[in-house]
Amino acid sequence: MAEMQDSHNEMELYSPNPEVRGMTCLNRDAFDKTIHVPVIKIKKEIINRLMKSLKHRLIQRPSLKRVIEDPKDDVNKLVLLDPYKVKSIDSFDESDHVLFKQFDVNPQVSQYELQLTYENFKCEEILRAVLPKGQDVTSGFSRVGHIAHMNLRDHQLPYKNVIGQVILDKNPGITSVVNKTNTIDSTYRNFQMEVLAGEENMITKVKENYVTYEFDFSKVYWNPRLGTEHNRIIGFLKARDVLFDVFAGVGPFAVPAAKKNCTVYANDLNPESYKWLLHNCKLNKVEKRVQAFNTDGRDFIKTTIKKELLKYADMPSAEEKPSLHIAMNLPALAVEFLDAFKNLLEEEPCNSFILPTIHCYSFSKDDDPLQDVKARAESFLGTTLEDCSMHLVRNVAPNKEMVCISFKLPSSVLFQRLSDTGEPESKRPRTAEESKVD
């Protein structure tokens, strides 16, 4: 209970003036506030030697000097102490007194009028003071290079410009704050956004897993929370393996795979993503190992992937064959593209054919998201997946998970089965007997 009370008191002491409540245009001067804090005097020549030992007693405030000049004293400086840890001389423990005695310091505590300004308040403290009481305070954001990307709720929109400016002020390196104004477009995976504060420049640079990417954040899809997942999939690849990236974006799978000396075929429907994919391949000096395409994912599967799979089918069996991987990272729709692999190749070759491993992503709101994604994948493939791995990638929203299902593409799906007449079963006309069964 005592700790809770101290925390409440600290919030009161360090809360901005009540007059800032409801502010929709940031006025930094309105945050000026005078508080009383404990101080002790320490001689100038020894102060640096004591500061480390006194660190746990010092006041903690953003951009606040904890050692200040005393205009009435040329010999000593004032050391600002934490008002919740030091009330009087009795607040110091035995080790403190030993230190004071060693350096001949008089630990007499006095009060000092401290002027707090906007610079001395934390981001959350400012926003909590500005927004109406009881409303959620949003100070979190996704960082994409110099851009802070926020998803404000409707009740926060009247204060969006204040929120944006505070985020800009309180986060070094951020020069632009944007807010998403609609959901992700399922075609190009980008979304409309508005600049809340800072510059309009949306061309940014990020580094993920030691790889550098550049792109126009307003025109392509990039999620900084997927770095671990990108690295997980790349971990399955070894030199000389082949990666087909159906929904490649700006290259977070394609570029690191190529840097690992894999052969990469990368595709994205969005012309802007395609443009920056090419740019990032050159930026990372892997353009010779990546073939890029700008087409629909289904067409990419039925043309490029089909053609390349046939090449590997013709490889001599004695030759060491690479592993083949297909990444399908379009969680809103990727599962629906799995049926493009059905009967993709006409007949199974005699020699040992390398079946590709598919890594397909999907969202699920089901109580059992793993089983839900597996069932939907099986539905579009038209078969049961006996051997597959399921991975929970991240929680996207309350009751919404992002899931990755990985599996060897079954030969019964990939190859057309021929009937006794030599025709593909899927294209053979139904007999009268078969029609009667219905």
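Not measured: the values here are computed from a predicted model.
- The heavy-atom pair separating K170 from E119 by the smallest distance is NZ-O, 3.4 Å.
- Residues S218 and M193 approach most closely at CA-CE, 3.8 Å, considering heavy atoms.
- In this structure a side-chain-to-backbone donor-acceptor pair under 3.5 Å is present from T204 to V144.
- The CG atom of N171 sits 6.0 Å away from the SG atom of C123 when rounded to the nearest 0.5 Å.
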Does the pair V255 and V286 meet the rule for a side chain to side chain contact (heavy atoms under 4.5 Å, CB included), with working shown?
CA-CA 7 Å; V255 175; V286 295; 4.2 Å; yes

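- The only member of Y274, F341, Y265, F293 that meets ring-ring contact (aromatic ring centres under 6.0 Å, His included) when paired with F300 is F293.
- Ring centroids of Y112 and H36 are separated by 6.0 Å or more, keeping the two rings apart.
- Remark: side-chain polar atoms of Q135 are not paired, donor with acceptor, to backbone N or O of P132 under 3.5 angstrom.
- Contact detail for N179 and L152: the closest heavy-atom pair is OD1-N, 2.9 Å.
- At a cut-off of 3.5 Å, with distance as the only test, a side-chain donor of T175 or E199 sits close to an acceptor on the other residue.
- Looking only at atom types and distance, the side chain of N161 has no donor-acceptor partner in the side chain of Q165 under 3.5 Å away.
- Proximity of a side-chain donor or acceptor of D93 to a complementary backbone N or O of D96 within less than 3.5 Å is detected.
- M150 places a side-chain heavy atom less than 4.5 Å from the side chain of V177.
- Between F244 and H325, the distance from one ring center to the other does not fall under 6.0 angstrom.
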Let's go through E194 and L196 carefully: what are the C-alpha distance in whole Å and the side-chain angles of both, what is the deciding distance for side chain to side chain contact (heavy atoms under 4.5 Å, CB included) to 0.1 Å, and is it a yes or a no?
CA-CA 6 Å; E194 63 174 332; L196 303 182; 4.0 Å; yes

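- Without hydrogens or angle criteria, D268 side chain to N294 main chain gives no donor-acceptor distance under 3.5 Å.
- Side chain of K260 to backbone of I234: a donor-acceptor contact under 3.5 angstrom is found.
- Taking the charged nitrogens against the carboxylate oxygens, K238 and D241 do have a contact shorter than 4.0 Å, which makes a salt bridge.
- A donor-acceptor pair is defined here as one N or O able to donate and one able to accept, closer than 3.5 Å; such a pair exists between the side chain of N209 and the backbone of G227.
- The main-chain N or O of R225 is found under 3.5 Å from a side-chain atom of N223 such that the two form a donor-acceptor pair.
- The distance between the ring centers of F380 and F337 does not fall below 6.0 angstrom.
- Between K205 and E214 a salt bridge is recorded (basic side-chain N to carboxylate O distance below 4.0 Å).
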Go through L324 and T357 one step at a time and tell me if the side chain to side chain contact (heavy atoms under 4.5 Å, CB included) criterion holds.
CA-CA 6 Å; L324 309 179; T357 298; over 6 Å; no

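- Scanning all heavy atoms of the two residues, the minimum distance from S15 to K33 falls at O-NZ, 2.6 Å.
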Using the salt bridge (Lys or Arg N to Asp or Glu O under 4.0 Å) rule, take R394 and E229 through it: C-alpha gap first, then chi angles, then the decisive distance, then the call.
CA-CA 9 Å; R394 58 183 288 260; E229 180 60 17; over 6 Å; no

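- Interatomic distance, E125 CD to Y118 OH, rounded to the nearest 0.5 Å: 12.0 Å.
- Electrostatic pairing of D82 and R57 does not count as a salt bridge here, judged by no charged N lying under 4.0 Å from a carboxylate O.
- Both the sub-6.0 Å distance and the 45° axial angle are not jointly satisfied by K275 relative to the ring of F215.
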Would you give me the side-chain donor-acceptor pairs under 3.5 Å for residues 396-407, sequence neighbours excluded?
| residue | atom | partner | partner atom | Å |
| --- | --- | --- | --- | --- |
| E401 | OE2 | N395 | ND2 | 3.0 |
| S406 | OG | H359 | ND1 | 2.8 |

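- By the 4.5 Å heavy-atom criterion applied to side chains, I174 and F141 are counted as neighbours.
- Atoms CG and CG, on N267 and D245 in that order, are 8.5 Å from each other to the nearest 0.5 Å.
- In this structure, NZ in K259 is found 11.0 Å from SG in C281, a value given to the nearest 0.5 Å.
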Apply side chain to side chain contact (heavy atoms under 4.5 Å, CB included) to N120 and Q115, showing your working.
CA-CA 9 Å; N120 306 133; Q115 182 78 16; over 6 Å; no

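- Within the 4.5 Å cutoff, side-chain heavy atoms of M202 are placed close to those of V195.
- Side-chain contact check for S176 versus E200: every heavy-atom pair is 4.5 Å or farther apart.
- How far CG of L226 is from CD1 of I233: 11.0 Å, rounded to the nearest 0.5 Å.
- Checked by atom type and distance alone, the side chain of R66 never pairs as donor or acceptor with a backbone atom of L58 at under 3.5 Å.
- Taking 4.5 Å as the limit, every side-chain heavy atom of T117 sits out of range of all side-chain heavy atoms of D29.
- For the residue pair G249 and L277, the shortest heavy atom distance occurs at O-CB, 3.7 Å.
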Please walk me through it: do R298 and D339 pass salt bridge (Lys or Arg N to Asp or Glu O under 4.0 Å)?
CA-CA 9 Å; R298 189 173 295 275; D339 63 358; 2.6 Å; yes

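- The closest donor-acceptor contact from the side chain of K85 to the backbone of H56 lies under 3.5 Å.
- In terms of heavy atoms, R153 sits closest to D136 at NH1-OD2, 2.6 Å.
- Using a 4.5 Å heavy-atom threshold, the side chains of K306 and L345 count as touching.
- Note that CD1 of I326 and CG of L243 are 9.0 Å apart. Values are rounded to the nearest 0.5 Å.
- Considering only heavy atoms from C-beta on, V79 comes within 4.5 Å of I47 through its side chain.
- Between W276 and Y213, the ring centre distance reaches or exceeds 6.0 Å.
- Of the residues listed (F236, Y210, F253), the one engaging H230 in a ring-ring contact (aromatic ring centres under 6.0 Å, His included) is F253, and it is the only one.
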Under the ring pair (Phe, Tyr, Trp, His ring centres under 6.0 Å) rule, what do F247 and Y221 come out as? Steps first, then yes or no, please.
CA-CA 11 Å; F247 312 106; Y221 178 81; over 10 Å; no

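- For CG of D367, the number of neighbouring non-hydrogen atoms (other residues, nucleotides, ligands) closer than 6.0 Å is 12 at most.
- Judged purely by atom type and a 3.5 angstrom limit, S364 uses its side chain to pair as donor or acceptor with the backbone of D366.
- Here the side chains of E378 and T383 are not in contact, with every heavy-atom distance at 4.5 Å or above.
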Quick one: do T263 and R240 satisfy side-chain hydrogen bond (donor to acceptor under 3.5 Å, both in side chains)? Show the steps, please.
CA-CA 6 Å; T263 299; R240 295 187 67 252; over 6 Å; no

